Structures are given as C-alpha cells and as structure tokens.
Amino acid sequence: MNDSEYQMLLVESWRRGLTPGEKARLQTFLAEQPERAADWERETALKEALNRLPDAPVASNFAALVMRAVERENKRTEPQAGESFGWLARWLRRPASGLAWAAALALLAWSGYEQFYGRPHRERAMELSLIMKTVAPEAGVFQDFDAIQRLPAADDEELYAVLNVSH
Amino acid sequence: MTTVPDPDAALMLLVKQGDTRAFEELVLKYQQPVMNLVYRTLPDATEAEDLAQHVFLQVFKSAHRYEVSAKFSTWLFTIARNLCLNEIRRRSRHPAASLDETFPDDDSQPIRQPEDVKTFSPPDVLMQGELEQKIEEALATLPEKQRTAILMCKGEDFSYDDIAEVLGCSVSATKSLIHRGRETLKQLLKPYLRSGEWKEK
C-alpha cells in the first residue's frame, strides 16, 4: 500500500467500516509508517466519538402530530381539488391560466363596450326601418313617376284653371 | 413497466396518489435521522422538533414534484437542510422572532402540544457525559456545510454522491469539507482523543 491508497482508505473509513482485507493491508502499511499510525489512531478515536453522539430527542407523538397536520392540509385543499372540480382548481393554479384569465377579461371588456356603444346604432336602424314602413309611400306610387316628370312644364295657374273648368 | 428499487421511492409513489399510510411509514422511518440533522443545526429541542415536523409537511405538500429518479432520503435531507438554512437566515434578520412566525398564515402547521413522554430528555442525555458535550460543542463551531457533511457521513446511509447532492456541491468538494471539518474537530478535541481517553468512564 502506498500513501495515496492510504488516503483513499481513510476517506472510505469516514463513511463505512473497512473490510477485513482493507484492515489487514492498512495494518501492514501503518506498521511501516509510525507517523501515519498516530494519525490513524486519532481518526479512529474521532470516529468513535462521533458514533457516540446520542440521537436527538424525538417526542413519541411526533409522527401523530405530523399526520394531524397532513390531515388538516388535506382538508384545506379538498374543497378546491374536490372530485368534480379538481381539474379546474389544478388548472387555475397553473401559470398559463393567468393568460387565459387575461383573455377572458379582455373578452368581457369588449362585450361590455359593444353592449354599451353598439346599442344606439342598432336602435337607430330599427327606428328608421319603422319610419320607412309607416311614412314612405308604397312602391306603386312611383310607378308613373317618370312619365309624369316628362310632361311639358305648364304654368301652375293655367293648369289650375283647366282643372277648375273640367270640374 | 418501471421498477422502483428504492422502497422509499415506492412509498413516495403511493404518497403521490394520496396514500397517507405510506407517508406515515416514511415519517416513522425518517423522524430520527431528520431530527438528528435539524437538532444539530438549530440546537433547541422544541424549535428543532417544530421545524422537523414542517420538513415532513413540506415533503407531503411537494409529493407531486417527487421524481423516482431521486433517492428519497437525499430529497428529504435536501428539504430539511433548506428549511434549516431558511430558519437560520430568518433568525439572523429577526433574532427575537419565534419559529411560529415563519409560517404565520400556514394553518396547516403542526400544533405544538404538551408532548408525550419523550424517548430522550435532550439536556439530560447530552449532559450524561462530558465527552459527548464536548463533541456537541465542537460540532456546533463548524460551518454548517462541514457539520452537515460530517453528520451525513457518520452512518452508512449516504454515499458521497448523496451528500454532495444535498449540499449542492461536487463529490471532491464534499470530501474536502469533511476532511477540513474532521481536522478542526481533531484539534478541538485533541485532549479527549488521545489513545484510551475516549473510553467509558
């Protein structure tokens, strides 16, 4: 064993116990390297010391408290992620849903605008069609319009006189 | 069909589907290792216990994000360490604030109750021997990363890759952290580490 192999075994010994083969090779190496032997002894003592560290205290109801918190967490999220609307709740939590919300709001705003400003136009059109129906003469009235218009222009007074005589 | 060699990962898959019994199994298995880490990062038994409970609650809440490719214990310890670091940062900003203020609107936080009989009474156990106290003190002087690396390295549960993942650094950096931490500990505990002195008195 050389020094780099020793270093590798040292690093491995921090994490796990050495195999009998590794121990035997190490003993041979340390017998020839007294300064490494002292170093190894301190390493072993430190490892023992760390292994002697007691476990941290854990309350016997630790798991029960965690499970109670989990239960509360489940209850808190259940109404949102309930059976039929769970997909909706999950979808609403997605970032892309923000964009969808913005689109929906824009649609709503446009529809409101249309409702407010578009109405007078429609109403005016309806009123006009009503006037046309009631006030404007029938299409037959204009049947002889062109012929009448082509008659030679007469003095109104003369025409009036002719009409009076005929009556 | 995907196989799940890690039994904890298999339990987490059940938790993802809402199985609270599987989650309880994980809590029971990992409550001690998590407490060991949290307690030595926030050395106050009550606060450490509250935080450890939050760690598990956080695990439950984040279950949908868990990927089987990640070793469960590594994922769990990453969450535990992050919550500890958040708490340390918060304390440095508001030294007088209690842990309850960390989650002011979180009504799902565990209720602190008069606890049942504890498996250990922390100060008593720690004071059982002067040597244990000395090593606790020595560990407390280490930078957080060195201490966490040494504590995780203590058992055989974590590989160097796992520790590196939790610490968010490379494997060689992790080994270097452990080496430096151990050197400091050896210096601080020199009088106690002489051959034969670290024995049961």
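What you see below is based on every heavy atom in this structure, not just the backbone, and it leaves out hydrogens, waters and symmetry mates. Each chain gets a letter, A, B and so on, in the order the sequences are listed, and its residues count up from 1. For clarity, every value in this text was computed on a predicted model and none was experimentally measured.
- Interface residue A/Glu43: backbone and side-chain heavy atoms are both found under 4.5 Å from chain B.
- Salt bridge annotation for B/Asp8-B/Lys71: absent, with no cationic side-chain nitrogen under 4.0 angstrom from a carboxylate oxygen.
- Within the 4.5 angstrom heavy-atom criterion, atoms from both the backbone and the side chain of B/Tyr160 approach chain A.
- Between B/Glu183 and B/Arg180 there is no salt bridge, since no side-chain N of the basic residue sits under 4.0 Å from a carboxylate O of the acidic one.
- Neither the backbone nor the side chain of B/Ala138 comes within less than 4.5 Å of any heavy atom in chain A.
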Evaluate the criterion ring pair (Phe, Tyr, Trp, His ring centres under 6.0 Å) for residue pair B/Phe56 and B/Tyr30; output intermediate values, then yes/no.
CA-CA 9 Å; B/Phe56 285 105; B/Tyr30 283 100; 7.8 Å; no
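- For B/Ile150, the part lying near chain A is the side chain, with the backbone staying farther off; criterion is any non-hydrogen pair under 4.5 Å.
- Classification of A/Arg25 and A/Glu22 as a salt-bridged pair fails, no side-chain N sitting under 4.0 Å from a carboxylate O.
- Among the candidates A/Lys47, A/Met67, A/Arg16, A/Arg42, the residue making the largest number of heavy-atom pairs closer than 4.5 Å to chain B is A/Met67.
- Of the charged side-chain nitrogens involved, at least one lies within less than 4.0 Å of a carboxylate oxygen, so that B/Arg91 and B/Glu87 count as a salt-bridged pair.
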